[in-house]
A.B. asks: 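Supplied in structure tokens, the structure appears directly below.
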Amino acid sequence: MTGRGRPLKAKSPGSKCAKSKTKSEDIKQVSLPTCPSKDFKEEKQIRTTKEQKPKQREQKKPNHTDENPSVHSKQEEKTTKHCTEEINKQQRTPTDNTKAPVRGTRAKTCAASTKSTEQSAEEITKTKPKDTTKDSIKTTKTKKDSGRSKLSEQCVEEITKAQSETAKYTTKASMKKTQAKTCASKAISPENLTEETSKMQPETPEYTTKVCAPQHRYEDKAAVDSILSTTLEKLKINKNDRANAAEVINEIIMSIIRHLENNTQCFKVVEPLRTGSYYENVKISNPDEFDVMLSIPVDRVNIKPFGDGGAFYSVSLKRGNSPLKKFQETDTSPLSASKMLEEFRKEVKKCVEVFTEWEVTKKKKGCPAVTLTTKVQSVTISLDVVLCLMVKSSWPPFAQEGLKIEGWLGTKVRQEYKRKPYYLVPKYEGRGTVEYDGVLARDVWRVSFSHVEKAILKNHGSEKTCCERVGKRCCRKDCLKLLKHLLSLLKEKDSSFDKFYSYLAKTTLLHACCSRTRDSEWRASSLSQCFQQLLEDFVGYLEEGVLPNFFIPDQNLLSCPDQKRCNSLARCIKEERDNGFPIFKHQLHSKEKVRAS
DNA sequence: AACCGCTAATTCCG
DNA sequence: CGGAATTAGCGGTT
């Protein structure tokens with residue numbers, strides 16, 4: 001639905017596929033601290049040669065002879081490939097921090113009482129009176145307060161805040177207003193204007209100074225609407241590129257699975273679990289990063305927390321017959337993540353050997369993925385193959401209190417998710433040789449709920465029909481795409497933001513959906529308000545230095561970057577917001593240039 | 001494993 | 001703008 005309005009330019013059909021990839025698409029979460037400046041290299045891939053593209057989709061034979069001539073030369077330069085070697089998906093690596101997880105343990109996570117003051121979208125237009133009240137509330141807040149209040153939103157405990165919470169909700173509702181995303185021509189009554197603008201930039205004193213006079217605010221707002229929707233258009237992935245990438249990816253994945261089945265005992269039965277932004281339909285710009293978890297079902301396991309955050313565990317098998325027992329020194333000792341990953345990696349490498357167009361990137365410390373890269377029409381695409389264990393028993397204690405989606409998706413849905421298995425990936429942080437309780441860090445596993453993240457994103461409406469043909473269209477995923485895009489552009493601009501993985505954006509959205517639970521608070525027509533509210537959420541977390549893992553409330557995803565970095569990123573975001581997102585505009589211009597040339 | 005029907009997304013076209 | 005066509009992905013069935 002809705003996706004179809006055809007884009008602007010009358011581009012010739014598949015040619016050049018649009019893409020103009022803009023550099024950095026998203027550098028996914030490059031995790032390692034040590035990872036140098038992400039990659040400049042992306043620019044190299046301007047696909048000059050793409051002319052032939054449209055029809056290209058012929059089925060190329062699997063290996064050898066790569067799809068197109070140009071590929072060869074490209075491959076040579078592989079050495080530069082983007083630092084993807086490191087790519088560690090954030091999903092599996094929420095916290096790469098080297099330091100202790102906790103700063104902000106207080107986060108109890110969300111949820112709570114969201115229902116209250118309902119107003120259906122329709123009426124929004126007339127809610128003026130309320131707006132004013134809340135405006136005042138908002139604007140008077142200090143930044144700190146706002147950050148804090150956010151947290152409190154999730155921390156159910158405080159009842160005292162109920163008031164402010166309701167104020168917030170109403171705010172949002174009022175925000176929806178009738179704005180058309182594309183702008184301009186829409187008429188908006190003056191009062192609305194002022195209200196909106198004021199709430200759009202609630203905590204930005206500088207705003208007045210830098211932006212023009214009040215009477216221009218209307219244009220500003222229209223301009224923001226326009227820039228956001230135009231940006232979103234540009235983030236769509238090209239159908240042709242998608243088809244080409246999917247073909248290549250699916251082929252290699254199937255080959256790996258078959259190889260494991262035929263040539264190994266331990267990895268004989270693996271179930272592929274396609275996760276990450278591509279499979280969640282929130283991938284932006286290019287279909288160039290894929291994540292597939294290969295999960296090994298295990299019967300009963302003993303898990304013991306490793307460290308404080310609730311994310312890492314040492315694992316041992318309860319039953320005696322598993323071929324995985326060979327990764328345990330004794331019958332009761334922990335299952336060695338490092339040994340198992342090492343063997344898995346070896347097998348994947350063996351399989352991929354015959355596919356000369358694929359390259360296996362270097363092992364990165366603590367990273368659970370075996371990252372493969374190749375080129376499709378001169379564009380590098382990477383595939384993270386992640387070994388994991390699938391455990392079909394109740395979720396670990398630290399995850400009991402997370403996933404507070406009752407107010408948004410309902411208690412039944414939550415129960416359903418919690419009955420699903422959970423996954424363990426061979427991931428650790430810090431030095432692998434550190435030992436607690438006789439367990440080496442490199443042998444621990446981190447819990448993963450990627451399957452639930454994916455399921456939630458696909459089924460994200462409070463109403464069952466959200467975004468379906470018969471339902472109303474929402475902008476939740478669009479907001480996430482924009483936030484991811486903004487984050488990746490800022491990272492590109494300042495490499496000190498390396499450690500702000502896009503998983504933070506996803507987590508922020510999930511929390512936001514728990515705070516603003518109604519579909520009417522996410523109308524597609526309110527994209528810019530919703531997005532700016534999401535930015536406010538994100539800035540709040542940054543300023544507080546606390547963003548609880550959605551599934552593990554005690555784990556703070558912002559414990560790794562220090563507070564200074566967090567503040568600095570928050571400042572950059574506010575600056576973008578207050579100036580109408582110049583970073584997006586620049587992006588558009590540069591794309592246009594590429595396209596023109 | 002092959003097939004089917006469905007959904008979400010992109011793009012074409014009127 | 002919105003319908004139609006196309007396609008990847010997915011779940012269910014045999």
Side-chain angles (χ1 to χ4, degrees), chain A residues 1-21 53-59 178-186 226 229-255 257-258 261-262 269-293 295 376 381 383 416-417 420-421 450-461 463-482 519 522 524-525 527 595:
Chain A
M1 0 297 315
T2 84
R4 61 301 218 109
R6 67 95 103 79
L8 13 156
K9 56 340 212 57
K11 57 179 17 4
S12 55
S15 78
K16 77 206 334 11
C17 54
K19 266 1 191 316
S20 53
K21 332 264 56 296
K53 163 108 112 259
K55 258 38 258 221
Q56 252 28 5
R57 200 178 164 25
E58 80 275 16
Q59 59 285 26
T178 59
Q179 206 89 256
K181 17 166 88 169
T182 53
C183 70
S185 53
K186 248 62 191 280
S226 165
S229 51
T230 311
T231 300
L232 219 36
E233 277 299 313
K234 300 290 199 283
L235 295 179
K236 287 185 177 172
I237 58 189
N238 178 282
K239 205 176 169 186
N240 230 333
D241 292 352
R242 183 176 187 253
N244 292 333
E247 182 182 353
V248 169
I249 291 289
N250 290 334
E251 181 200 352
I252 193 75
I253 280 295
M254 292 319 295
S255 302
I257 291 173
R258 216 169 301 130
E261 191 183 331
N262 298 332
V269 277
V270 293
E271 178 180 314
L273 202 72
R274 289 152 218 262
T275 65
S277 57
Y278 174 82
Y279 295 104
E280 289 166 349
N281 285 315
V282 290
K283 183 72 183 75
I284 52 176
S285 303
N286 298 299
D288 55 0
E289 291 173 337
F290 295 79
D291 307 287
V292 178
M293 294 164 75
S295 72
V376 173
I381 67 178
L383 165 64
E416 242 167 70
Y417 285 141
K420 289 187 184 294
S450 296
H451 56 313
V452 178
E453 292 164 11
K454 178 180 175 182
I456 289 178
L457 282 170
K458 279 199 183 242
N459 209 343
H460 56 259
E463 302 281 330
K464 285 189 222 16
T465 57
C466 181
C467 291
E468 286 181 4
R469 261 187 292 276
V470 295
K472 298 218 168 75
R473 163 112 175 133
C474 84
C475 64
R476 291 175 178 93
K477 285 196 279 185
D478 286 342
C479 286
L480 176 55
K481 288 184 191 175
L482 287 172
D519 295 346
W522 296 94
S525 53
L527 174 69
R595 182 173 296 120

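Here the structure is a predicted model, which means the values were calculated and not measured.
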A.B. asks: Ignoring the backbone of A/Asn250, work out which of C/dG9, B/dA8, B/dT10 is nearest its side chain.
C.D. replies: C/dG9
A.B. asks: Can you name the ring pair (Phe, Tyr, Trp, His ring centres under 6.0 Å) partners of A/His451, sequence neighbours left out?
C.D. replies: A/Tyr423
A.B. asks: Taking C-beta and beyond as the side chain, do A/Asn281 and A/Leu457 meet within less than 4.5 Å on heavy atoms?
C.D. replies: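 A/Asn281 does not reach A/Leu457 side chain to side chain.
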A.B. asks: Tell me the interatomic distance from A/Lys464, atom NZ, to B/dA8, atom C1', rounded to whole angstroms.
C.D. replies: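 Rounded to the whole Å, the gap is 20 Å.
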A.B. asks: Given C/dA5, B/dA8, C/dA8, which nucleotide is nearest the side-chain atoms of A/Lys239?
C.D. replies: C/dA5
A.B. asks: Write down the distance between CG (A/Asp241) and C1' (C/dT7), rounded to a whole number of angstrom.
C.D. replies: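 Result: 14 Å.
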A.B. asks: Are A/Lys477 and B/dA8 close enough that a side-chain N or O sits under 4.0 Å from OP1 or OP2?
C.D. replies: no
A.B. asks: How long is the line joining CG of A/Asp291 and P of C/dG9, in whole Å?
C.D. replies: 13 Å
A.B. asks: Taking CG from A/Asn281 and C1' from B/dT7, how many angstroms apart are they, rounded to a whole number?
C.D. replies: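 One finds 10 Å between C1' of B/dT7 and CG of A/Asn281, rounded.
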A.B. asks: Between N or O atoms, less than 3.5 Å apart, protein on one side and nucleotides 10-14 of chain C on the other: list the pairs.
C.D. replies:
residue	atom	partner	partner atom	Å
C/dC10	OP1	A/Lys454	NZ	2.5

A.B. asks: Look at the side chain of A/Ala246 and decide which nucleotide, out of B/dT10, B/dA9, C/dA8, has an atom nearest to it.
C.D. replies: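 Out of B/dT10, B/dA9, C/dA8, the nucleotide with an atom closest to A/Ala246's side chain is C/dA8.
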A.B. asks: When you measure from the side chain of A/Arg242, which nucleotide among C/dA8, C/dT6, B/dA8 comes out closest?
C.D. replies: C/dA8
A.B. asks: Between A/Lys283 and A/Asp291, does any side-chain N to carboxylate O distance fall below 4.0 Å?
C.D. replies: no
A.B. asks: Roughly, in whole Å, what's the span from CG in A/Asn238 to C1' in C/dT7?
C.D. replies: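 Interatomic distance, CG of A/Asn238 to C1' of C/dT7: 12 Å.
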A.B. asks: Determine the interplanar angle of the A/Tyr278 and A/Phe290 rings, folded into 0 to 90°, and report it as parallel if under 30°, tilted if 30 to 60°, perpendicular if over 60°.
C.D. replies: tilted
A.B. asks: Using side-chain contact (heavy atoms from CB on, under 4.5 Å) as the criterion, list what pairs up with A/Glu261, not counting sequence neighbours.
C.D. replies: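 Not a single residue meets the side-chain contact (heavy atoms from CB on, under 4.5 Å) criterion with A/Glu261.
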A.B. asks: For A/Asn250, what residues pass the side-chain hydrogen bond (donor to acceptor under 3.5 Å, both in side chains) criterion, not counting sequence neighbours?
C.D. replies: A/Arg274
A.B. asks: If you round to the nearest 0.5 Å, how far is CG of A/Asn244 from CD1 of A/Ile249?
C.D. replies: 11.5 Å
A.B. asks: Find the distance A/Asp478:CG to B/dT10:P and express it as a whole number of Å.
C.D. replies: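 It works out to 9 Å between those atoms.
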A.B. asks: Please report, rounded to the nearest Å, how far the P atom of B/dA8 is from the OH atom of A/Tyr278.
C.D. replies: 16 Å
A.B. asks: Starting from C1' on C/dA8, measure out to NZ on A/Lys236 and report it in whole angstrom.
C.D. replies: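 Checked: the NZ to C1' distance equals 16 Å.
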